[in-house]
Amino acid sequence: MPTLIILLVFFLFLAGMVATSLSTGTGEPGLTLTNYDRILSSGFFYSRLVLSAKLAIFSTLISLLLGYPVALHMTRISGATLKIVFLLLTVLFFSDYVMRMYAVILAFGNNGFINQALLGIGAVASPVHFLYSQTGVVIGLVAGNLAFMIFALYPTLSRINPDYVAAASLLGASPLRQFLMVTLPLSAPGILAGCSLVFLMSLNSYITPALLGAGFVQMIATLIFDQAISTWRLPLASASATVLLVMTLIMLAGLGSLARLYRSRGGRRGKR
Amino acid sequence: MENGAIRWTGKWALPLLALGAVLSSSRAEAEEKLVFMSWGGTWATYAQKAFVEPFEKETGIKVEVRAHQNTMDGLAKLQAVRDNLDVDVWATSPVPAAVALSQGVVAKFDPSKVANAANLPKELITPACIAWYRFFFGIVYNDQKVPFPITQWKDLLDPRLKGEIAVPNASNGEGKFLLQLAWLSGGSENNIEPGFEMAKRLRPNAGIYYNSYTERDKALAAGEVSVGGMSLVGEYLDLAKGNPQFKFVAAKPFVPADFDCFSIVNGKNQANAYKFVNFALSKAAQESFASQALVLPAAKEAAVPAALAPYAPADLVYHYPDSAIVKDKLQNWIDRWNQEVQAP
């Protein structure tokens, strides 16, 4: 019963957003598809969506490349060391997202300590502009979402039966082959979960492009903010948000199909 | 007998108490009241001291102060209760006030009902609202990093400032910077093209585009940029505390100016609303608020705060936007700014 109530409240909010997207916004009665027409015929909306998807894909891949070794290493440590790593990850996970973005500015900004170090050793003659660009936004998205990737990967990796890896080793497989033929395929559910989570959070991110894009990088969430708050066009913003929601659901459905395909090919084998 | 007296008192105590509660609440409802919606935080504190509490004391009308986060939030709140408006005076800025007037949420402002309106310049009274206080924008720059003293707005185009300027986007301040660029280039509210051309020429010098002054001032303090366009004096004074390298200039040939204002909400308490606004525009209230908030008073007779005077010389030329025109064009300006200037 409580679940139904929570779901009902959630869907009521969504229904309100869809209803607003069909209104004229001028107080006149009646429904209209004008807002959807404007959005779907707007080259600028599509260009922001494509840009958002591109930056989300980059940040997801980088988070995976950085997070996977960390999660894998966590399965090979134990005791106090594992507890310390978990503690550090938990602190990172629960730290304020905005403060993490300001930490990125402190590290990568024109006056940040990375540039100061590079200038200090003479590697560069003037500060490297890491931020206020698409690069800066990707750095911020990775910094903000890496912990999610690690927490999604670790449970799957920790459940892989070590006997399978040992068996591969006994049969003469090199460490790389053991990883590619045993560990990686068995960690696919965790990879899918982590990538889904990080991709969706990156796609819909507002704070990171607002702070680290500094106006040069406008992702879809900042566009919707402008429509709703800066120009008082709630119906148009609601239509944009609804289109984004539908596209997100389609992507989720696609990822779900991949997961089902994996399971149907015997993906449950190899668990402890 | 004593027992009987006690029993009598005990039996009627509860009903008498209840009757007293009903009577006192009725008396409270019969008290006049007024609801004032404005910015919260320090602004609300300054307003309390400057005119809310003195107004209550003088008139006996109880003032309830409600906070909105920003004018858009305030407009949304009023729109949500438009059939049963329970706010009487709304502190806002001219463009949202004009939007609210077009939607019938605020009443057409009648200056004849505010005696102190005669002390305000005509440009500070619009059909939708009357000025509460004025402000103007200048340029803040780090004189240890900028290789020349900035004196004019067109100095922002100097190639020596490449990547060094925090530029306000078109959403910030209802398009004031874009309009300033247009005015500087011979354009106007009805001819914004020169503003867009100048904004595109300025792009190589933009270090960041910001939506709020806190983003700008954080970037200045962190050394990410060395020039901040469109800063208020109060914001500069906060930034300069502990950062003496920052300078403020009311750049030539004129400064973009604007005002925040009072709108009379289209409800049933307009008579008290006008009384309240008139009180807030008195010399004493204006000087009290201006000195606390470091803004320019709207009333001509009120003195400019001493801390502000060095930055606002008597011969400073203020250029106010026409909010009635901006209201209809702002959405298009913001869309075009995003697509053509900021993130093409």
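Numbers restart at 1 for each chain; the letters A, B, ... are given by sequence-line order, proteins then strands.
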Subject >> Gap between atom CG of Asn110(A) and atom CD of Glu164(B) - 0.5 Å precision >> reply: 7.5 Å

Original post:
Counting only heavy atoms not in Tyr36(A), do more than 12 sit closer than 6.0 Å to its OH atom?
Top reply: yes

Subject >> Test item: Gln218(A) side-chain N/O and Asn338(B) main-chain N/O as donor-acceptor pair under 3.5 Å >> reply: no

Original post:
In this structure, are over 12 heavy atoms from other groups packed under 6.0 Å from Lys145(B) atom NZ?
Top reply: yes

**OP:** Assess whether side-chain contact (heavy atoms from CB on, under 4.5 Å) is satisfied between Asp335(B) and Phe44(A), documenting all intermediate values.
**Re:** CA-CA 9 Å; Asp335(B) 285 345; Phe44(A) 187 68; over 6 Å; no

Subject >> Greater than 12 external heavy atoms within 6.0 Å of Lys162(B)'s NZ >> reply: no

**OP:** Please look at Val99(B) and chain A and tell me whether the side chain, the backbone, both or neither of the residue comes under 4.5 angstrom of a heavy atom of that chain.
**Re:** side chain

Original post:
With distance as the sole test, does Asn111(A) use its side chain to make a donor-acceptor pair with the main-chain N or O of Glu224(B) at under 3.5 Å?
Top reply: no

**OP:** Name the option with the most non-hydrogen atom pairs under 4.5 Å to chain A; the candidates are Glu215(B), Lys218(B), Gln79(B), Arg203(B).
**Re:** Lys218(B)

**OP:** Measure Asn211(B) against the heavy atoms of chain A and call it side chain, backbone, both or neither at under 4.5 Å.
**Re:** side chain

Subject >> chain B contacts, top residue of Asp226(A), Ile105(A), Leu51(A) (heavy-atom pairs, under 4.5 Å) >> reply: Asp226(A)

Original post:
Using non-hydrogen atoms only, which part of Asn169(B) is less than 4.5 Å away from chain A: side chain, backbone, both, or neither?
Top reply: neither

**OP:** Please look at Ala206(B) and chain A and tell me whether the side chain, the backbone, both or neither of the residue comes under 4.5 angstrom of a heavy atom of that chain.
**Re:** both

Subject >> Other residues, nucleotides, ligands: >12 heavy atoms within 6.0 Å of Tyr213(B) OH >> reply: no

